[in-house]
> 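Take this structure, written in structure tokens, and hold onto it; I'll ask about it next.
Proteins get letters first, then strands, A, B, ... in listed order; numbering begins at 1 in each.
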There are 2 protein chains.
Amino acid sequence: MKLDPYDRALLAALQDDARTPQSALGEQVSLSTAAVNRRLKALAGEGVIERFSAQLNPKALGYDLTVVVEVKVESERADLLDQMQRSFAACPQVQQCYYVAGDCDFVLIFLVRDMEQYVALTRKLFFESHNVKTFKTLVAMNRVKTGATVPVDAA
Amino acid sequence: MKLDPYDRALLAALQDDARTPQSALGEQVSLSTAAVNRRLKALAGEGVIERFSAQLNPKALGYDLTVVVEVKVESERADLLDQMQRSFAACPQVQQCYYVAGDCDFVLIFLVRDMEQYVALTRKLFFESHNVKTFKTLVAMNRVKTGATVPVDAA
DNA sequence: CCTGAAATATCTAAAAG
DNA sequence: CTTTTAGATATTTCAGG
């Protein structure tokens, strides 16, 4: 799974705009269209490119409230943690979820329509699990950065 | 900026796979290719679709450490906060950054190669700003959920 | 590995109902 | 809104260096 500078340039360009024609990509990196096509297929096959996705404007869909939540659990029992993680991941309004080491156990990022929806989700996800000791809510006043791209710099 | 069920279905499909041919989209939602084309153009023009992007596998690029950081600032002066936000947003390893109300002022999600890179970035971003009072590091043991899509359900 | 050309598929716009 | 048409663009394969 080695990535040469051509691959990295292609990946950077595709993160920026996945619709760039392969011919245009070829011009940018000085490769033929066919070479670009072959590389992209390989990158997708190896799983370096996971998928192509449309990024939507949350506000246009009525989702304009982001909330960061820190969760502390009662028990670290593996089966309980697994169940929690599954329920978190299954919630469409949970945009990110991390199981972390430190002052708390989980950090979740919610994207919700309004506070009412947020409260309803906390009741559903946290109280029904019977394993949440406490959770702390941080309401985002400003989404300074979202939808960032993965750095493609060489090691 | 009204979205009917057709639009929502198209948006959901495009978040899942931005490369789905418009003919296939049309079959899925029972619309002609031409109708799909028209709707997609309108959705892009209105800014509902912000961009098309390739989602990469961070591990394949040598980025496999996610760190959540909570930052408290010394001063809430607007010009200082603006400057901090700009420097945070400009850092490629900062995947998300939120200015929040609650126990801390900023929450950042870093995607880094290793701890060494993380420490170097904190020095650069936090110490050089001269406005960070404290910061708390939460290392992700498991990325339970990332790269989620925006819910497209109707209000 | 690459290039360049040919074949296939897709997109886009226009015309007409 | 639909379908159909036609031409432009993009993708993919293949021959050959």
> To the nearest Å, how far apart are A:R39 CZ and D:dT11 P?
17 Å
> What are the two closest heavy atoms between A:P58 and A:L111, and how far apart are they?
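A:P58 and A:L111 have their closest heavy atoms at CB-CD2, 3.9 Å.
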> Can you check the A:L14 CG to D:dT11 C1' distance for me, whole Å?
14 Å
> From CG of B:D17 over to P of C:dT10, roughly how many Å is that when rounded to an integer?
13 Å
> Grab the CG-C1' distance between B:L40 and C:dT10 for me, whole Å please.
13 Å
> Can you give each donor-acceptor pair under 3.5 Å made by side-chain atoms of residues 25-40 of chain B, sequence neighbours left out, with the distance rounded to 0.1 Å?
residue: B:S32; atom: OG; partner: B:A35; partner atom: N; Å: 3.1
residue: B:N37; atom: ND2; partner: B:Q22; partner atom: OE1; Å: 2.9
residue: B:R39; atom: NH1; partner: B:D4; partner atom: OD1; Å: 2.9
residue: B:R39; atom: NH1; partner: B:D4; partner atom: OD2; Å: 3.0
residue: B:R39; atom: NH1; partner: B:D7; partner atom: OD1; Å: 3.0
residue: B:R39; atom: NH2; partner: B:D4; partner atom: OD2; Å: 3.1

> Under the side chain to side chain donor-acceptor pair (under 3.5 Å) test, which residues partner B:D82, sequence neighbours left out?
none
> How would you list, by chain and number, every residue that makes a ring-ring contact (aromatic ring centres under 6.0 Å, His included) with B:F110, sequence neighbours excluded?
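Only B:Y118 meet the ring-ring contact (aromatic ring centres under 6.0 Å, His included) criterion with B:F110.
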> What pairs of donor and acceptor atoms, side-chain ones from residues 94-103 of chain A against any protein atom, are under 3.5 angstrom apart with sequence neighbours left out?
residue: A:Q95; atom: NE2; partner: A:P92; partner atom: O; Å: 3.3
residue: A:Q95; atom: NE2; partner: B:T149; partner atom: O; Å: 3.2
residue: A:Y99; atom: OH; partner: A:E76; partner atom: OE1; Å: 3.0
residue: A:D103; atom: OD2; partner: B:K136; partner atom: NZ; Å: 3.0

> Does a side-chain N or O from B:S32 land closer than 4.0 Å to OP1 or OP2 of D:dT3, or not?
yes
> Tell me every residue that passes ring-ring contact (aromatic ring centres under 6.0 Å, His included) with A:F135, counting only those two or more places apart in sequence or in another chain.
A:F126
> Scan nucleotides 12-17 of chain D nucleotide by nucleotide, 5' to 3', and note B when protein non-hydrogen atoms come under 4.0 Å of the base, S if they reach only the sugar-phosphate, - if neither.
BB----
> Which whole-number value in Å describes the distance from B:F52 CZ to C:dT10 P?
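That distance rounds to 16 Å.
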